[in-house]
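Naming convention: chains lettered A, B, ... in sequence-line order (proteins, then strands); numbering from 1 in each chain. The basis for the numbers below is simple: all heavy atoms, side chains too, and nothing from hydrogens, waters or symmetry mates. What you see is a predicted model, and the numbers here were worked out from it, not measured in a lab.
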Protein chains: 2
Amino acid sequence: MTCKDFEKDHKKEMRAIQDSMDVLNGKWKIAVISSICYYNKRRFSDILGDIDGISNKMLSKELKELELNKLIKRTVLDTQPVTVHYELTAHGKTLQTIINNLTDWGIKHRKVIIGK
Amino acid sequence: MTCKDFEKDHKKEMRAIQDSMDVLNGKWKIAVISSICYYNKRRFSDILGDIDGISNKMLSKELKELELNKLIKRTVLDTQPVTVHYELTAHGKTLQTIINNLTDWGIKHRKVIIGK
DNA sequence: CAGTATCCAAAGGGATACTG
DNA sequence: CAGTATCCCTTTGGATACTG
């Protein structure tokens, strides 16, 4: 295993990792991304239904943060009452690799912890 | 972009991702892993010095959790006073890919957010 | 429908002091 | 050296009710 130079590159690497973690943190963030990703476009109440246990307050908060981080795009349709849909941005879609890695590692990890 | 089936695979995938995130969460976890990784073997007080801002309470907590998750190995040496060193397990070393991905994505993300 | 606002309990985490 | 223990403030997030 090779690790990058702790003294020299460490600060930068650390900041980069922390940036990623900050974006992904929050109890429901990845669930929200997955929901929007699968359906391509998804409305507020639909996502609320997709994710088991999430409250409207939390969904609202997570969506705002994802939008601030330019991972999703929010579109208001001029209907009565208003309809809003969310979709992933191009940048949001680049998360796919990370999400897949996290999935694969999580499965392996569970096996290590539970044992065989 | 292809996304896995939301209805069918979603629960499993979600759990796997959450498992990974749980392991990596905590303000200092990745910093601790990086420190131990770079130096191969590292003592408590050394790690404390490596990571800017961490308290002994938090370091103690993070180390315990990492050990519970079998990512690091704790060895007590019979000296006076006691010496303890920490090293990554084989399982801990498999995190390298994820850490690299998080680093790369974090750098790209920063560029997207700051803009050009 | 798509959120906000409010209240409140639990968890996270910093500072400091202490122990074998 | 390698941690524990304590205090205490901040953040997180659930439940519920309300709004344009």
Side-chain angles (χ1 to χ4, degrees), chain A residues 14-15 17-19 21-36 39-69 71-88, chain B residues 14-15 17-33 35-36 39-69 71-88:
Chain A
M14 230 50 170
R15 198 188 57 181
I17 295 172
Q18 205 47 61
D19 286 346
M21 294 298 285
D22 288 349
V23 167
L24 263 16
N25 269 350
K27 196 168 175 180
W28 312 98
K29 217 138 283 171
I30 296 181
V32 172
I33 293 171
S34 293
S35 166
I36 297 174
Y39 291 105
N40 248 334
K41 286 182 182 173
R42 203 71 176 148
R43 290 177 311 161
F44 189 88
S45 54
D46 292 332
I47 304 173
L48 208 53
D50 290 337
I51 304 171
D52 209 54
I54 196 171
S55 66
N56 54 352
K57 172 184 159 186
M58 277 303 108
L59 178 55
S60 174
K61 191 188 160 207
E62 303 285 49
L63 286 169
K64 271 183 189 163
E65 292 175 9
L66 291 172
E67 201 191 350
L68 264 173
N69 278 312
L71 299 179
I72 61 173
K73 185 173 176 292
R74 179 178 181 272
T75 311
V76 182
L77 302 180
D78 192 16
T79 55
Q80 186 56 274
V82 287
T83 307
V84 177
H85 66 232
Y86 294 92
E87 56 196 310
L88 289 188
Chain B
M14 229 51 172
R15 197 188 57 180
I17 295 172
Q18 206 47 61
D19 286 346
S20 297
M21 294 297 285
D22 287 349
V23 168
L24 263 20
N25 268 351
K27 194 168 177 181
W28 312 97
K29 217 139 284 172
I30 297 181
V32 172
I33 293 171
S35 166
I36 297 174
Y39 291 104
N40 249 332
K41 287 183 181 172
R42 203 69 176 149
R43 290 177 311 161
F44 189 89
S45 54
D46 292 332
I47 304 172
L48 208 54
D50 290 338
I51 303 171
D52 209 53
I54 196 170
S55 66
N56 53 353
K57 172 183 158 186
M58 277 303 108
L59 178 55
S60 173
K61 191 188 159 207
E62 303 287 48
L63 285 169
K64 270 183 189 164
E65 292 175 10
L66 291 173
E67 201 191 350
L68 265 173
N69 278 311
L71 300 178
I72 61 173
K73 184 173 178 293
R74 179 177 181 273
T75 311
V76 182
L77 302 179
D78 192 17
T79 54
Q80 188 54 274
V82 287
T83 307
V84 177
H85 67 233
Y86 293 92
E87 56 196 311
L88 290 188

Whole angstroms only, please: what is the [atom1]-[atom2] distance between [X] and [N]?
X: B/Ile54; N: D/dG3; atom1: CD1; atom2: C1'; answer: 13 Å
X: B/Asp46; N: D/dG3; atom1: CG; atom2: C1'; answer: 14 Å
X: B/Gln80; N: C/dG20; atom1: CD; atom2: P; answer: 14 Å
X: A/Leu77; N: C/dC1; atom1: CG; atom2: C1'; answer: 12 Å
X: A/Glu62; N: C/dT4; atom1: CD; atom2: P; answer: 14 Å
X: B/Glu65; N: C/dG13; atom1: CD; atom2: C1'; answer: 12 Å
X: B/Asp22; N: C/dA11; atom1: CG; atom2: P; answer: 14 Å
X: B/Leu48; N: D/dG3; atom1: CG; atom2: C1'; answer: 10 Å

Working for side-chain contact (heavy atoms from CB on, under 4.5 Å), residues B/Met21 and A/Asn25: CA-CA 8 Å; B/Met21 294 297 285; A/Asn25 269 350; 3.4 Å; yes

Taking 4.0 Å as the cut-off, does a side-chain nitrogen or oxygen of [X] come that near to OP1 or OP2 on [N]?
X: B/Trp28; N: C/dG12; result: no
X: A/Arg42; N: C/dA2; result: no
X: A/Tyr86; N: C/dC1; result: no
X: B/Ser45; N: D/dA2; result: yes
X: A/Ser60; N: C/dT4; result: yes

Watson-Crick/G-U partner (both atom distances under 3.5 Å) of D/dG20: C/dC1

Any-strand Watson-Crick or G-U partner of D/dT10, both distances under 3.5 Å: C/dA11

So [Y] and [X], do their side chains get closer than 4.5 Å, heavy atoms only?
X: B/Ile51; Y: B/Trp28; answer: yes
X: A/Lys29; Y: A/Glu65; answer: yes
X: A/Leu66; Y: A/Tyr86; answer: no
X: B/Ile36; Y: B/Leu63; answer: yes

Which nucleotide sits closest to the side chain of [X]: [options]?
X: A/Lys57; options: C/dA2, C/dA5, C/dG3; answer: C/dA5
X: A/Arg43; options: D/dA2, C/dA2, C/dA5; answer: C/dA2
X: B/Val84; options: C/dG13, D/dG14, D/dA2; answer: D/dA2
X: A/Met58; options: D/dG14, D/dC1, C/dG14; answer: D/dG14
X: A/Asn56; options: C/dG14, D/dA17, D/dG14; answer: D/dA17
X: B/Lys27; options: C/dG3, C/dC1, C/dG13; answer: C/dG13

A/Gln18 side chain to A/Asp22 side chain, donor-acceptor N/O pair below 3.5 angstrom: yes

Earlier contact from the 5' end, DNA chain D, for B/Lys64 and A/Val82: B/Lys64

